[in-house]
Every structure is written in C-alpha cells, then in structure tokens.
Amino acid sequence: MVEQETILGFIPARGGSKGLTGKNLYPILDKPLLQYTLDEVQKSQYLNDLMLSSEDAEINAFAQKCGLTGDYVRPMELAADSVTNVEVLMHALDWLEARDRLPDAVVLLQPTTPLRTVEEIDAAILQFLESERDSLISVQPMREHPYKCLQVQGDDWRYLAQPDTYVSQRQAFDDDYYVINGAIYIATPQFLREHRRLAVAGLSDLFMMDAVSGVDVDDLADVYQVEALLKMRQAQME
C-alpha cells in the first residue's frame, strides 16, 4: 500500500440506541461520549478529512460545536437498528464521490470506544499505509478463551476450540485468540465496494490493541466501567 493522499476519518453516530438512550451524547464524566472521539481525531497526524454521519440534529449541532464542519446528513432510512455500518459508509462514499471528494482510504471510528487514543489511531493508519493490504481491523485478546467457550446445538454442545493435548491450567492456553473490538476499521473505497464488508479473512490486516482501549459502551454497566478506567488514566497522568 503506497501512502494515501486523502485519509478520511468517518464517525457514525446515529441518534437512536437500544441499550442506552441517547448514547452518543450520554455524559461520561465531564463530557458527552461522542466528544471523546471528536477530540482524538482532530489531533491525528494522518487524518486530513473528517466526516460525521448522523440523522440527529442535536448530534450534528454538537459535532459542529466541537469543530467538525460539514453539510452531510445521514438519511433517516439509514438510521434504523437493522442498518449496518457498511451500508452507512457506502452511502457516505457515494455522496462524497458525487462531489469529487472520494478519499483514498477511510478510517471508521465508532464513538462507543471512548478509551481509544489518537496514538492508537495514528499507529493503525501507519500500519495500514505500510502494509500491502486494502483493509485493517483492530483486535484485542479474547477475555474468555475458546478452550472454555461452548457452542450449544439442541441437546448437544462442543468447545469452540480444543488443544491437541489436554490442558488443565489457563496459563498453558494458546495466546493467539483475538476478538474484533470495533475500535478501528480502515479500508479503501474499492475494497468496501468489492466486498461490502469491513473485514475479510485472509485479506484484512490486524492491529493489536489492549483490552482497556477497546472497551465498548453499550449499556449503563459499560458507562461505569469506562468512567472508572478514565479516572485511573487521569490519576496516572497526575
């Protein structure tokens, strides 16, 4: 992958939410959830264009107040629970292309990952630019190891993964199992249009993150966890 001319930071932030009402503007310590992402992207060395995708007038107004300018508004039909990030992104790319603003690469950053830092965003972009891949996704070690996880099918069940020989201690488990944490997705428009997916096994590069930076806010319990982790970070910086 050669260095891109235009790298778009794309932030999907619809107004509705199943788990937490008004999630994207929900207060996390001293500021709304969305602002954590807005603050970080505006410090990036590599993002040279930013775009918010929301159908919600309050969210769009808040983003502008935080310094994100733009006249794109997500259509209401793309704000339903069933609509995927890929569908939202594809519409935005078509909108940009119609205005001769199609980027060379897009970095999708969900506001629900407030502990993700600009250093991690830029490191992921740099890894993407230096790779031969057209897609990159962030991952973190699985909290529950597949050797201890089950899939139930009717009256039967099976382990998700099993070692070649019996392992009784967790310390002896393989450490090569990861989960997509949703914190960072990077892809070229061509990749997205061809595969209509953000990640494809064997084609997408992996960016390793720790479990703290990848914490996702979906409900009130997650809010409490993130606030505790933010307080720990602030204490470490004092």
Residues in side-chain contact (heavy atoms from CB on, under 4.5 Å) with Lys231, at least two apart? Leu29

What one should report as the nearest heavy-atom pair of Ala187 and Leu192 is CB-CG, 3.9 Å

I'd like to check Gln45 versus Val118 (side-chain heavy atoms, cut-off strictly below 4.5 Å). Are they in contact? no

Is the count of non-hydrogen atoms from other residues, nucleotides or ligands lying under 6.0 Å from Glu227 atom CD greater than 12? yes

Under 3.5 Å, is there a donor-acceptor pair between the side chain of Arg116 and the main chain of Ser213? no

Does any N or O in the side chain of Asp222 come within less than 3.5 Å of the main-chain N or O of Asp219, such that one atom is a donor and the other an acceptor? yes

Could you give the distance from OG1 (Thr113) to CG (Asp216), rounded to the nearest 0.5 Å? 5.0 Å

Output the distance between atom CD1 (Ile11) and atom CG (Leu108), rounded to the nearest 0.5 Å. 9.0 Å

If you apply the rule side-chain contact (heavy atoms from CB on, under 4.5 Å), what do you find for Ile121 with Thr117, and how did you get there? CA-CA 6 Å; Ile121 294 170; Thr117 66; over 6 Å; no

Please report the closest heavy-atom contact between Phe10 and Ala92, naming both atoms and the distance. CE1-CB, 3.4 Å

Does Asp81 come within less than 4.0 Å of Arg14, counting only side-chain N to carboxylate O? yes

Quick one: are Glu120 and Met209 in side-chain contact, heavy atoms under 4.5 Å? yes

Check the orientation of Tyr72 and His91. Use parallel for under 30°, tilted for 30 to 60°, and perpendicular for over 60°. tilted

State, to 0.1 Å, how close Glu87 and Ser82 come at their nearest heavy-atom pair, and which atoms those are. OE1-O, 4.1 Å

Using modelled atom types only, decide if a donor and an acceptor are shared between the side chain of Ser54 and the backbone of Ala13 within a distance under 3.5 Å. yes

From CG (Leu102) to OG1 (Thr188), nearest 0.5 Å: 9.5 Å

Residues Gln35, Ile28; criterion side-chain contact (heavy atoms from CB on, under 4.5 Å); working and verdict: CA-CA 9 Å; Gln35 189 174 343; Ile28 307 291; over 6 Å; no

Looking only at atom types and distance, does a side-chain atom of Arg99 sit under 3.5 Å from a main-chain N or O of Trp95, one as donor and one as acceptor? yes

Would you call Arg193 and Glu97 a salt bridge, using N to O less than 4.0 angstrom? yes

Euclidean distance, Ile184 CD1 relative to Leu198 CG, rounded to 0.5 Å: 13.0 Å

Between Leu220 and Val226, is there shared hydrophobic-cluster membership here, with clusters defined by ILVMFWY side-chain heavy atoms closer than 4.5 Å? yes

Interatomic distance, Ser138 atom OG to Ile180 atom CD1 [nearest 0.5 angstrom]: 8.5 Å

Salt bridge or not between Asp56 and Arg74? Use side-chain N to carboxylate O under 4.0 Å. no

Taking every heavy atom of Pro103 against every heavy atom of Pro189, the minimum-distance pair comes out as O-CG, 3.2 Å

Do Leu229 and Val179 sit in one hydrophobic cluster, given that two such residues count as connected whenever their side-chain heavy atoms are within less than 4.5 Å of each other, even indirectly? no

Please check if the side chain of Asp104 supplies one atom and the backbone of Thr6 the other of a donor-acceptor pair under 3.5 Å. yes

Salt bridge Lys31-Asp39, side-chain N to carboxylate O under 4.0 Å: yes

Go through Ser204 and Arg133 one step at a time and tell me if the side-chain hydrogen bond (donor to acceptor under 3.5 Å, both in side chains) criterion holds. CA-CA 6 Å; Ser204 300; Arg133 307 291 182 94; over 6 Å; no

Kindly work out whether a path of hydrophobic side-chain contacts (I/L/V/M/F/W/Y, heavy atoms less than 4.5 Å apart) joins Leu38 to Tyr36. no

Would you please test Asp122 and Lys43 for salt bridge (Lys or Arg N to Asp or Glu O under 4.0 Å) and show each step? CA-CA 10 Å; Asp122 280 356; Lys43 295 183 289 186; over 6 Å; no

Give the cluster check for Tyr26 versus Leu34: same hydrophobic cluster or not, with ILVMFWY residues linked at side-chain heavy-atom distances below 4.5 Å. no

Would Val41 and Leu126 show up in the same hydrophobic cluster when neighbours are defined by side-chain heavy atoms closer than 4.5 Å? yes

Does the side chain of Asn181 reach to within under 4.5 Å of the side chain of Ile137, using non-hydrogen atoms? no

Would you check if the side chain of Arg233 reaches a backbone N or O of Leu115 as a donor-acceptor pair within less than 3.5 Å? yes

Would a 4.5 Å heavy-atom cut-off, applied to side chains only, mark Val106 and Ile186 as touching? no

Going through the distances and angles, do Asp205 and Gln127 end up as a side-chain hydrogen bond (donor to acceptor under 3.5 Å, both in side chains)? CA-CA 9 Å; Asp205 201 7; Gln127 179 178 318; 3.1 Å; yes

Could you give the distance from CG (Asp71) to CE (Met51), rounded to the nearest 0.5 Å? 8.5 Å

Tyr46 side chain near Val107 side chain, heavy-atom distance below 4.5 Å: no

Give the minimum heavy-atom separation between Thr37 and Pro111, together with the two atoms involved. OG1-CA, 3.4 Å

Check whether any side-chain N or O of Gln42 sits under 3.5 Å from a backbone N or O of Cys66 as a donor-acceptor pair, and report yes or no. yes

Do the non-hydrogen side-chain atoms of Gln140 and Met208 ever get within less than 4.5 Å of each other? no

State, yes or no, whether a side-chain contact exists between Thr69 and Gln64 at a heavy-atom distance under 4.5 Å. no

Of all heavy-atom pairs between Leu25 and Pro32, which one has the smallest distance, and what is that distance? O-CB, 3.6 Å

Counting N and O atoms only, with roles assigned by atom type, does the side chain of Asp134 sit under 3.5 Å from a partner on the main chain of Phe191, one being a donor and the other an acceptor? no

Check the side chains of Glu55 and Asn60 for a donor-acceptor pair under 3.5 angstrom, ignoring hydrogens and angles. no

Please examine the side chains of Asp49 and Ile7, heavy atoms only from C-beta on, and report whether any two atoms are closer than 4.5 Å. no

